[in-house]
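I have placed the structure first, in the form of C-alpha coordinates, so that the comments after it can refer back to it.
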Amino acid sequence: MIIIASQNGIVGIGEAMRVLQAGGSAVDAVETGIRLVEANPHDHSVGYSGYPNILGQVELDAGIMNGRDRTTGAVGAMQGYKHPISVARQIMDRLPHVLLVGAGAERFAAEMGQARCDLLTPEARSVWANRLLQDIPQAGPDLSRLDALPDLWRWVALTTDPERADQVSYFESLMGTVNMIARDAQGHICAGASTSGWAWKYPGRLGDSPVAGAGFYADDRYGAATCTGTGEMAIRASTTRSVVLRLQMGLALGDAGRHAMHDLDHLGGRFLSRMSVILMDRDERHMGVSNDEGRAYIYQTEDMAEPAKTFYTHVPTRQRWDRPVNQDTE
Ligand code: ASP
(Lines give C-alpha, C1' and ligand atoms only; values in the text may rest on other atoms or scores of the structure.)
Protein backbone atom coordinates (compact mmCIF):
# COMPACT_ATOMS: atom_id res chain seq x y z
CA MET A 1 0.00 0.00 0.00
CA ILE A 2 1.25 3.46 -0.79
CA ILE A 3 0.13 7.09 -1.05
CA ILE A 4 2.14 9.49 -3.22
CA ALA A 5 1.37 13.21 -3.31
CA SER A 6 2.56 16.65 -4.29
CA GLN A 7 4.14 18.45 -1.31
CA ASN A 8 0.96 20.35 -0.42
CA GLY A 9 -0.63 16.91 0.15
CA ILE A 10 1.23 16.82 3.48
CA VAL A 11 -1.97 17.81 5.31
CA GLY A 12 -3.84 14.79 3.87
CA ILE A 13 -1.35 11.98 3.25
CA GLY A 14 -1.42 10.55 6.80
CA GLU A 15 -5.21 10.34 6.85
CA ALA A 16 -5.22 8.83 3.36
CA MET A 17 -2.83 6.10 4.58
CA ARG A 18 -5.06 5.46 7.62
CA VAL A 19 -7.96 4.86 5.22
CA LEU A 20 -5.91 2.20 3.41
CA GLN A 21 -4.73 0.65 6.68
CA ALA A 22 -8.35 0.36 7.82
CA GLY A 23 -9.14 -1.61 4.67
CA GLY A 24 -10.46 1.32 2.61
CA SER A 25 -10.06 1.51 -1.15
CA ALA A 26 -7.54 3.57 -3.11
CA VAL A 27 -10.46 5.76 -4.24
CA ASP A 28 -11.53 6.40 -0.62
CA ALA A 29 -7.93 7.24 0.29
CA VAL A 30 -7.44 9.74 -2.55
CA GLU A 31 -10.76 11.46 -1.85
CA THR A 32 -10.03 11.68 1.89
CA GLY A 33 -6.50 13.00 1.40
CA ILE A 34 -7.43 15.59 -1.22
CA ARG A 35 -10.41 16.88 0.82
CA LEU A 36 -8.01 17.89 3.59
CA VAL A 37 -5.94 19.92 1.13
CA GLU A 38 -9.08 21.53 -0.31
CA ALA A 39 -10.07 22.64 3.20
CA ASN A 40 -6.61 24.04 4.06
CA PRO A 41 -6.98 27.86 4.27
CA HIS A 42 -3.23 28.35 3.84
CA ASP A 43 -3.14 26.75 0.39
CA HIS A 44 -4.09 29.35 -2.21
CA SER A 45 -3.91 26.95 -5.13
CA VAL A 46 -6.55 24.41 -4.12
CA GLY A 47 -10.15 24.54 -2.86
CA TYR A 48 -11.21 26.98 -0.14
CA SER A 49 -9.06 30.14 -0.20
CA GLY A 50 -7.81 29.41 -3.71
CA TYR A 51 -6.93 32.51 -5.73
CA PRO A 52 -9.81 33.61 -7.97
CA ASN A 53 -10.13 34.15 -11.71
CA ILE A 54 -9.64 37.63 -13.14
CA LEU A 55 -13.18 38.64 -12.08
CA GLY A 56 -12.57 37.61 -8.47
CA GLN A 57 -14.55 34.35 -8.66
CA VAL A 58 -12.95 31.16 -7.28
CA GLU A 59 -13.45 28.44 -9.90
CA LEU A 60 -12.35 24.94 -8.92
CA ASP A 61 -11.30 21.95 -11.06
CA ALA A 62 -10.79 18.33 -9.92
CA GLY A 63 -10.69 14.82 -11.31
CA ILE A 64 -10.40 11.22 -10.06
CA MET A 65 -9.85 7.92 -11.87
CA ASN A 66 -10.31 4.41 -10.48
CA GLY A 67 -7.58 2.25 -12.03
CA ARG A 68 -9.63 -0.88 -11.48
CA ASP A 69 -11.83 -0.12 -14.49
CA ARG A 70 -10.87 3.45 -15.38
CA THR A 71 -14.20 4.86 -14.25
CA THR A 72 -13.70 8.60 -13.92
CA GLY A 73 -15.36 11.71 -12.54
CA ALA A 74 -14.36 15.33 -12.95
CA VAL A 75 -15.64 18.86 -12.38
CA GLY A 76 -14.48 22.09 -13.98
CA ALA A 77 -14.94 25.79 -13.22
CA MET A 78 -17.22 24.99 -10.26
CA GLN A 79 -17.99 27.84 -7.86
CA GLY A 80 -19.36 27.79 -4.33
CA TYR A 81 -18.44 24.28 -3.16
CA LYS A 82 -15.34 23.45 -1.17
CA HIS A 83 -14.80 19.83 -2.20
CA PRO A 84 -14.66 19.39 -5.97
CA ILE A 85 -12.90 16.03 -5.48
CA SER A 86 -16.00 14.66 -3.73
CA VAL A 87 -18.29 16.03 -6.43
CA ALA A 88 -16.00 14.39 -9.01
CA ARG A 89 -16.24 11.11 -7.14
CA GLN A 90 -20.03 11.33 -7.02
CA ILE A 91 -20.12 11.96 -10.77
CA MET A 92 -18.01 8.80 -11.17
CA ASP A 93 -20.25 6.76 -8.87
CA ARG A 94 -23.69 8.02 -9.82
CA LEU A 95 -23.84 9.50 -13.31
CA PRO A 96 -23.37 8.06 -16.78
CA HIS A 97 -21.12 11.11 -17.40
CA VAL A 98 -17.46 11.86 -16.72
CA LEU A 99 -17.16 15.67 -16.60
CA LEU A 100 -19.54 18.41 -15.43
CA VAL A 101 -18.67 22.11 -15.56
CA GLY A 102 -19.97 25.41 -14.18
CA ALA A 103 -23.64 25.71 -13.28
CA GLY A 104 -24.35 22.04 -14.03
CA ALA A 105 -21.60 20.91 -11.66
CA GLU A 106 -22.95 23.26 -8.97
CA ARG A 107 -26.49 21.96 -9.40
CA PHE A 108 -25.24 18.37 -9.11
CA ALA A 109 -23.18 19.25 -6.01
CA ALA A 110 -26.33 20.64 -4.37
CA GLU A 111 -28.30 17.51 -5.30
CA MET A 112 -25.57 15.44 -3.67
CA GLY A 113 -26.03 17.39 -0.44
CA GLN A 114 -22.72 19.30 -0.60
CA ALA A 115 -22.80 22.47 1.51
CA ARG A 116 -22.42 25.82 -0.27
CA CYS A 117 -19.46 27.87 0.85
CA ASP A 118 -17.93 31.25 0.05
CA LEU A 119 -14.52 30.17 -1.25
CA LEU A 120 -12.94 33.65 -1.55
CA THR A 121 -11.15 34.48 1.71
CA PRO A 122 -10.38 38.12 2.59
CA GLU A 123 -6.65 37.36 2.21
CA ALA A 124 -7.01 35.89 -1.29
CA ARG A 125 -9.33 38.76 -2.24
CA SER A 126 -6.83 41.38 -1.20
CA VAL A 127 -3.94 39.76 -3.16
CA TRP A 128 -6.21 39.66 -6.22
CA ALA A 129 -7.43 43.24 -5.78
CA ASN A 130 -3.94 44.65 -5.19
CA ARG A 131 -2.56 42.97 -8.29
CA LEU A 132 -5.41 44.09 -10.52
CA LEU A 133 -5.43 47.66 -9.20
CA GLN A 134 -1.76 47.90 -10.16
CA ASP A 135 -2.13 46.35 -13.58
CA ILE A 136 -5.57 47.35 -14.86
CA PRO A 137 -6.20 51.05 -14.23
CA GLN A 138 -9.12 50.83 -16.68
CA ALA A 139 -10.97 48.73 -14.09
CA GLY A 140 -11.45 51.83 -11.95
CA PRO A 141 -10.18 52.67 -8.46
CA ASP A 142 -12.43 50.02 -6.88
CA LEU A 143 -12.37 47.51 -9.78
CA SER A 144 -16.05 48.28 -10.41
CA ARG A 145 -15.49 48.58 -14.19
CA LEU A 146 -13.62 45.27 -14.43
CA ASP A 147 -16.58 43.11 -15.37
CA ALA A 148 -17.56 45.50 -18.16
CA LEU A 149 -14.15 45.53 -19.87
CA PRO A 150 -14.58 44.45 -23.49
CA ASP A 151 -11.04 43.08 -23.68
CA LEU A 152 -10.58 41.02 -20.55
CA TRP A 153 -8.48 38.60 -22.59
CA ARG A 154 -5.62 41.10 -22.79
CA TRP A 155 -5.38 41.49 -19.06
CA VAL A 156 -5.23 37.78 -18.29
CA ALA A 157 -1.77 37.54 -19.83
CA LEU A 158 -0.56 40.69 -18.11
CA THR A 159 -1.56 39.78 -14.58
CA THR A 160 0.30 36.46 -14.67
CA ASP A 161 3.41 37.77 -16.44
CA PRO A 162 6.35 36.74 -14.23
CA GLU A 163 8.37 39.76 -15.35
CA ARG A 164 5.80 42.04 -13.76
CA ALA A 165 5.51 40.08 -10.54
CA ASP A 166 7.09 41.84 -7.57
CA GLN A 167 8.69 38.77 -6.09
CA VAL A 168 9.40 35.24 -7.22
CA SER A 169 7.33 33.89 -4.33
CA TYR A 170 4.35 35.83 -5.59
CA PHE A 171 4.51 34.12 -8.97
CA GLU A 172 5.13 30.71 -7.43
CA SER A 173 1.99 30.99 -5.38
CA LEU A 174 -0.10 31.79 -8.45
CA MET A 175 -0.21 28.17 -9.55
CA GLY A 176 -0.41 24.80 -7.86
CA THR A 177 -2.46 21.65 -7.61
CA VAL A 178 -2.72 18.77 -5.22
CA ASN A 179 -1.81 15.47 -6.87
CA MET A 180 -2.45 12.15 -5.14
CA ILE A 181 -1.95 8.52 -6.17
CA ALA A 182 -2.89 5.54 -3.95
CA ARG A 183 -2.53 1.78 -4.25
CA ASP A 184 -4.62 -0.28 -1.83
CA ALA A 185 -4.23 -3.76 -0.31
CA GLN A 186 -6.11 -5.30 -3.25
CA GLY A 187 -3.68 -3.76 -5.72
CA HIS A 188 -6.17 -1.21 -7.02
CA ILE A 189 -4.76 2.16 -8.00
CA CYS A 190 -6.44 5.58 -7.97
CA ALA A 191 -5.17 8.96 -9.19
CA GLY A 192 -6.69 12.35 -8.34
CA ALA A 193 -5.99 16.06 -8.76
CA SER A 194 -7.66 19.23 -7.46
CA THR A 195 -6.86 22.90 -8.07
CA SER A 196 -8.15 26.44 -8.24
CA GLY A 197 -6.06 26.72 -11.41
CA TRP A 198 -4.08 29.74 -12.53
CA ALA A 199 -4.72 32.79 -10.44
CA TRP A 200 -6.44 35.54 -12.48
CA LYS A 201 -7.32 33.09 -15.27
CA TYR A 202 -9.97 33.93 -17.87
CA PRO A 203 -13.43 32.94 -16.52
CA GLY A 204 -14.34 29.42 -17.60
CA ARG A 205 -10.74 28.35 -18.21
CA LEU A 206 -10.15 24.66 -17.45
CA GLY A 207 -6.71 23.33 -16.61
CA ASP A 208 -5.50 19.74 -16.79
CA SER A 209 -6.87 18.66 -13.38
CA PRO A 210 -10.41 17.95 -14.65
CA VAL A 211 -9.19 16.37 -17.91
CA ALA A 212 -8.59 12.61 -17.69
CA GLY A 213 -5.37 11.70 -19.47
CA ALA A 214 -4.00 15.23 -19.04
CA GLY A 215 -3.79 15.90 -15.28
CA PHE A 216 -4.49 12.40 -13.93
CA TYR A 217 -4.69 8.81 -15.14
CA ALA A 218 -4.70 5.38 -13.47
CA ASP A 219 -4.82 1.82 -14.76
CA ASP A 220 -4.27 -1.07 -12.33
CA ARG A 221 -2.57 -3.08 -15.06
CA TYR A 222 0.25 -0.57 -15.65
CA GLY A 223 0.34 2.30 -13.17
CA ALA A 224 -0.70 5.92 -12.74
CA ALA A 225 0.43 9.50 -13.30
CA THR A 226 -0.59 13.00 -12.16
CA CYS A 227 0.56 16.50 -13.16
CA THR A 228 0.99 19.91 -11.66
CA GLY A 229 2.09 22.94 -13.62
CA THR A 230 0.89 24.58 -16.82
CA GLY A 231 -2.29 22.63 -17.46
CA GLU A 232 -2.50 23.78 -21.06
CA MET A 233 0.71 21.84 -21.80
CA ALA A 234 -0.54 18.61 -20.18
CA ILE A 235 -3.83 18.89 -22.09
CA ARG A 236 -2.05 19.39 -25.42
CA ALA A 237 0.35 16.48 -24.86
CA SER A 238 -2.10 14.12 -23.05
CA THR A 239 0.70 13.82 -20.55
CA THR A 240 -0.62 11.37 -17.94
CA ARG A 241 -2.26 9.08 -20.49
CA SER A 242 0.92 9.00 -22.52
CA VAL A 243 3.02 8.17 -19.44
CA VAL A 244 0.79 5.18 -18.60
CA LEU A 245 0.76 4.12 -22.26
CA ARG A 246 4.58 4.12 -22.21
CA LEU A 247 4.47 1.85 -19.15
CA GLN A 248 1.97 -0.35 -21.00
CA MET A 249 4.39 -0.58 -23.92
CA GLY A 250 7.09 -1.86 -21.58
CA LEU A 251 9.21 1.24 -20.96
CA ALA A 252 11.00 1.46 -17.62
CA LEU A 253 9.63 4.07 -15.21
CA GLY A 254 12.53 6.48 -15.76
CA ASP A 255 12.22 6.28 -19.54
CA ALA A 256 8.45 6.78 -19.41
CA GLY A 257 8.92 9.93 -17.34
CA ARG A 258 11.78 11.41 -19.33
CA HIS A 259 10.06 10.73 -22.66
CA ALA A 260 6.98 12.55 -21.42
CA MET A 261 9.11 15.61 -20.60
CA HIS A 262 10.89 15.46 -23.95
CA ASP A 263 7.50 15.38 -25.62
CA LEU A 264 6.51 18.56 -23.77
CA ASP A 265 9.76 20.14 -24.90
CA HIS A 266 8.57 19.85 -28.50
CA LEU A 267 5.45 21.92 -27.94
CA GLY A 268 5.37 25.31 -29.62
CA GLY A 269 3.17 28.30 -28.88
CA ARG A 270 3.35 31.31 -26.61
CA PHE A 271 2.94 29.88 -23.13
CA LEU A 272 5.32 27.14 -22.08
CA SER A 273 6.14 27.04 -18.43
CA ARG A 274 6.40 24.71 -15.45
CA MET A 275 5.42 21.07 -15.49
CA SER A 276 5.92 18.35 -12.88
CA VAL A 277 4.72 14.77 -13.28
CA ILE A 278 4.51 12.04 -10.61
CA LEU A 279 4.37 8.51 -11.97
CA MET A 280 4.03 5.08 -10.37
CA ASP A 281 4.10 1.63 -11.93
CA ARG A 282 1.81 -1.22 -10.86
CA ASP A 283 4.48 -2.47 -8.39
CA GLU A 284 4.54 0.84 -6.49
CA ARG A 285 7.85 2.02 -7.91
CA HIS A 286 7.55 5.77 -8.29
CA MET A 287 9.42 8.84 -9.50
CA GLY A 288 8.79 12.44 -10.43
CA VAL A 289 10.01 14.36 -13.46
CA SER A 290 9.96 18.14 -13.49
CA ASN A 291 11.36 21.05 -15.44
CA ASP A 292 11.46 22.93 -12.13
CA GLU A 293 14.80 22.24 -10.44
CA GLY A 294 14.84 21.28 -6.75
CA ARG A 295 11.17 20.38 -6.55
CA ALA A 296 10.08 17.54 -4.21
CA TYR A 297 7.06 15.30 -3.67
CA ILE A 298 6.07 13.04 -0.77
CA TYR A 299 5.09 9.39 -0.29
CA GLN A 300 4.15 7.03 2.52
CA THR A 301 3.96 3.22 2.47
CA GLU A 302 2.04 1.18 5.03
CA ASP A 303 5.19 0.43 7.04
CA MET A 304 6.22 4.11 7.36
CA ALA A 305 5.09 6.11 10.41
CA GLU A 306 5.52 9.39 8.52
CA PRO A 307 5.70 10.51 4.91
CA ALA A 308 9.11 10.94 3.28
CA LYS A 309 10.15 13.63 0.83
CA THR A 310 11.97 12.82 -2.41
CA PHE A 311 13.03 14.95 -5.34
CA TYR A 312 11.72 15.01 -8.86
CA THR A 313 14.31 14.23 -11.53
CA HIS A 314 15.07 17.53 -13.23
CA VAL A 315 14.43 17.44 -16.98
CA PRO A 316 14.73 20.95 -18.43
CA THR A 317 12.27 21.96 -21.13
CA ARG A 318 12.01 25.25 -22.99
CA GLN A 319 9.98 27.92 -21.22
CA ARG A 320 8.43 30.86 -22.98
CA TRP A 321 6.11 33.60 -21.85
CA ASP A 322 5.40 36.12 -24.60
CA ARG A 323 3.79 39.37 -23.64
CA PRO A 324 1.30 40.07 -26.41
CA VAL A 325 -0.63 42.57 -24.28
CA ASN A 326 2.20 45.01 -23.87
CA GLN A 327 3.30 44.61 -27.43
CA ASP A 328 0.05 45.77 -28.92
CA THR A 329 -1.22 48.17 -26.29
CA GLU A 330 1.87 50.13 -25.33
N1 ASP B 1 -2.17 22.42 -13.34
C2 ASP B 1 -2.91 23.51 -12.77
C3 ASP B 1 -3.69 24.18 -13.85
O4 ASP B 1 -3.19 24.37 -14.93
C5 ASP B 1 -2.08 24.53 -12.08
C6 ASP B 1 -0.83 24.05 -11.40
O7 ASP B 1 -0.71 22.88 -11.09
O8 ASP B 1 0.08 24.86 -11.15
O9 ASP B 1 -4.81 24.56 -13.57
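Since this is a predicted model, take the numbers as computed values, not measurements. Residue numbers count from 1 along this sequence. Whatever order the structure lists ligands and atoms in, that order sets their numbers, starting from 1.
If you check which protein heavy atom lies closest to atom 9 (O) of ligand 1, you get R205 NH1, 2.8 Å. For atom 8 (O) of ligand 1, the nearest non-hydrogen atom of the protein is G176 N, 2.7 Å. Nearest protein heavy-atom contact of atom 5 (C) of ligand 1 is G229 O, 3.2 Å.
Checking T177, L60, D61, T228 against atom 2 (C) of ligand 1, the nearest heavy atom belongs to T177.
A salt bridge does not link R282 to D220: none of the charged side-chain nitrogens sits closer than 4.0 Å to a carboxylate oxygen.
Between the side chains of T121 and S49, no donor N or O sits under 3.5 Å from an acceptor N or O.
Criterion: ILVMFWY side-chain heavy atoms under 4.5 Å apart, direct or through other members. Under it, Y297 and I2 are part of a common hydrophobic cluster.
Between D208 and ligand 1, an N or O atom pair is found at a separation short of 3.5 Å. Any N or O atom pair closer than 3.5 Å counts here, and E232 shares no such pair with ligand 1. For the pair S209 and ligand 1, the shortest N or O to N or O distance does not fall below 3.5 Å. Every N/O-N/O distance between G207 and ligand 1 stays at or above 3.5 Å.
Using a 4.5 Å heavy-atom threshold, the side chains of I34 and V46 count as separate.
For Y48 and H83, the distance between ring centers is not under 6.0 angstrom. The distance between the ring centers of W128 and Y51 does not fall below 6.0 angstrom.
Nearest heavy-atom pair, L279 versus A256, reported as atom, atom and distance to 0.1 Å: CD1-CB, 4.2 Å.
Near G197, with a cut-off below 4.0 Å to any heavy atom, the atoms of ligand 1 are 9 (O).
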